[in-house]
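Read the structure below first, then the notes.
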Amino acid sequence: MTTTAEACVEAYLQEQAKQQPVDKKTKKQRAALRKQVEALFADDALLLLGRAQLSEINAAGKYALPLSELAALPRLKSLLKNQDGEALIRAALEDSELVSISDACVERPLAQDLVQQYDAQLRRHVSYIFSDDGLQSCPPGKLRSMLDEDENTLFLPLASVVDIKKIKELLKNEADKVDACRAAIDAAEPGTLICRVEDHEQGPRVVRTQDLPDEIWELLESNPAGGRAVAVTNIRGKDAPALRLAFAKVGTIEAVELGEDERGAPTASIIFDEELGAIRAVEELNDEDNWRFGMRVRLESGMAPSAARKAAGLPPRPKEKKPQFNERCATEGSSRAAAPPPPPIPVVPVPVIVEEIPEGRQRGKLVYLKEGKFGFIRPRDAKSKDDHAFFNMNELPKNLKLKLGDYLEYTPATGEPKNGAPGKPRATKVERAPRPKKPSKKQLEDAAEAARVAALAAAALERRNAPPVSKLEALALRVEERRSTSESAEVDEAEERPDRLRSRTRGCSSMLSDVSRRRLA
């Protein structure tokens, strides 16, 4: 049982501890912690929780998180640095005006209705899409796809609205995004919103309720070809037939119109029968790498090819390797063509000494070490840095001193998955291991000799399969093929040469001697 004197002494010691000066580093750490925690309880962060959780917060009148859960968050772990997280968070939030601590929880009292704020935020983003400023920033091709000619208004499918970036971020915790967005729009008071949700045979859609201004109609009437037209610059004197021939390989052309820009340089506008032809023209014929002579091709709607494919409902373009400048020069026959690659160097296989590693263990080299904290081990079969195994220095024996390059033995394990990503390799029960034996000098010499023999065999096979360079050489090849195996066996090995012309010349000499004997006969 605590006496009154002991309680007074304890209270005095706590008061003295609070009055002790705090160093600059601790102040900076507490300020960073307070900033991160208050960001978690801010209005913008709470609105991302979703309608269901916001309703529960409204019913409770506060938003609370346990201190243990806060200390385990990844964004706070880097600031806590393996210290007592709950105590540090308590000290950091003493002067906070937004949140308070009670019963091992961080709380923020809420008086406003968060669901109303959530719906208002969604309506604000949807209204901007159909506002005059939002429509004027859209490309004419996209505006034309939104036009409903029967009612002279603009619309977007509700499924397309919820895929817009800011709206999608707000709805990320909703089970049914379309229903949540529709509920927010329907909750608006009549006459306060520039758009409304209507049911359609192809699904619900958001329709603008106000008349379109003249500026929007001018954008809709400009460029009637829409996404089927491309603008071509830097055509360098090409006429209409030449342009039609160059662009015909990507789609059927409807018309080719020539013109000039403000500097007097020739330009062209090419209209295709389908949008896919215009998109392929930008993807395949736009030569921006060749800054001096290459044509510049872009969609007149102002959209990027990927966005135009998505708006037209076309599948994305398959990814393919783009040729480098040297490869293009070689295919086009340029004077700056790349030099032919050097002949391959025979690889000398180094003999591998098989180690006797206990079952369930693995060995590798220490490639990174932070004293007193952690390190990384590169296994012998590692292909990238993602295969390196992480270990904590606190789990090692105290008498184990490590340095970079040490050869270690460990038990492989897998860490906990984070944010849907698989766990990373970890190393447990780390011990020092003997270094692997290096191959002997004789083993290296045998491996080099085997590589040399393999290279000679490959070169002989290449010479044998090489096409002849002249009629005489072809005749020598035929004569050499007719020679019997017995005659070829009598050839002295010392007279053989590695090049193919020696053997073919020998065949030619034997053929000429046969011809001379026939003439004498």
Side-chain angles (χ1 to χ4, degrees), residues 133 135-147 149 214-338:
D133 295 338
L135 293 176
Q136 287 180 6
S137 63
C138 287
K142 185 175 181 181
L143 275 179
R144 204 169 288 106
S145 65
M146 296 169 58
L147 180 63
E149 298 180 356
D214 296 338
E215 293 82 1
I216 304 299
W217 283 113
E218 290 177 2
L219 286 174
L220 289 170
E221 293 171 358
S222 64
N223 187 18
R228 298 184 294 112
V230 294
V232 187
T233 57
N234 200 22
I235 58 178
R236 304 189 64 82
K238 293 184 178 67
D239 54 2
L243 289 172
R244 184 182 288 272
L245 182 63
F247 282 81
K249 62 183 180 180
V250 295
T252 307
I253 297 175
E254 180 180 316
V256 178
E257 300 176 0
L258 299 179
E260 293 182 353
D261 59 6
E262 61 274 5
R263 299 177 300 171
T267 61
S269 177
I270 302 176
I271 303 175
F272 290 85
D273 288 346
E274 298 178 354
E275 291 188 19
L276 181 59
I279 296 171
R280 287 188 58 197
V282 180
E283 293 173 343
E284 300 179 17
L285 301 179
N286 183 32
D287 192 6
E288 291 183 350
D289 294 340
N290 191 353
W291 61 272
R292 178 173 292 179
F293 303 108
M295 285 192 303
R296 307 292 190 272
V297 186
R298 62 175 180 83
L299 291 171
E300 289 191 359
S301 62
M303 300 177 69
S306 57
R309 279 181 175 269
K310 186 175 181 180
L314 299 171
R317 182 189 182 189
K319 294 183 179 181
E320 54 185 17
K321 183 181 178 183
K322 190 175 182 181
Q324 299 295 329
F325 179 74
N326 288 340
E327 297 176 2
R328 285 207 324 276
C329 289
T331 55
E332 295 171 3
S334 172
S335 59
R336 294 178 292 176

At their closest point, which heavy atom of [X] faces which heavy atom of [Y], and how far apart are they?
X: N234; Y: G294; result: ND2-O, 2.7 Å
X: M303; Y: L299; result: O-CD1, 3.5 Å
X: L285; Y: A246; result: CD1-O, 3.9 Å

From [X] [atom1] over to [Y] [atom2], what is the distance, rounded to the nearest 0.5 angstrom?
X: L258; Y: T267; atom1: CG; atom2: OG1; value: 8.0 Å
X: E215; Y: L135; atom1: CD; atom2: CG; value: 11.5 Å
X: I270; Y: F247; atom1: CD1; atom2: CZ; value: 4.0 Å

Task: Residues which pass side chain to side chain donor-acceptor pair (under 3.5 Å) with E257, listed by chain and number, not counting sequence neighbours - done: none
Task: Contacts of S306 that satisfy side chain to side chain donor-acceptor pair (under 3.5 Å) - sequence neighbours left out - done: none
TODO: Taking the side chain as every heavy atom from C-beta outward, state whether R317 and P305 have any atom pair closer than 4.5 Å.
DONE: no
Open item on the list: Within the 4.5 Å heavy-atom criterion, are D261 and T233 side-chain neighbours or not?
Closed with: no
Under 3.5 Å, side-chain donor or acceptor atoms of residues 274-283 against the rest of the protein: list the pairs with distances, not counting sequence neighbours.
residue : atom : partner : partner atom : Å
R280    : NE   : E284    : OE2          : 3.0
R280    : NH2  : E284    : OE2          : 3.2
E283    : OE1  : R309    : NH2          : 3.1
E283    : OE2  : R309    : NE           : 2.8

Task: Pair M295-D287, side-chain contact (heavy atoms from CB on, under 4.5 Å): steps then yes or no - done: CA-CA 6 Å; M295 285 192 303; D287 192 6; 5.5 Å; no
Open item on the list: Around atom NZ of K310, are there more than 12 heavy atoms from other residues, nucleotides or ligands closer than 6.0 Å?
Closed with: no
- [ ] Return yes if some donor-acceptor pair links the side-chain N/O of R296 with the main-chain N/O of V232 below 3.5 Å, else return no.
- [x] no
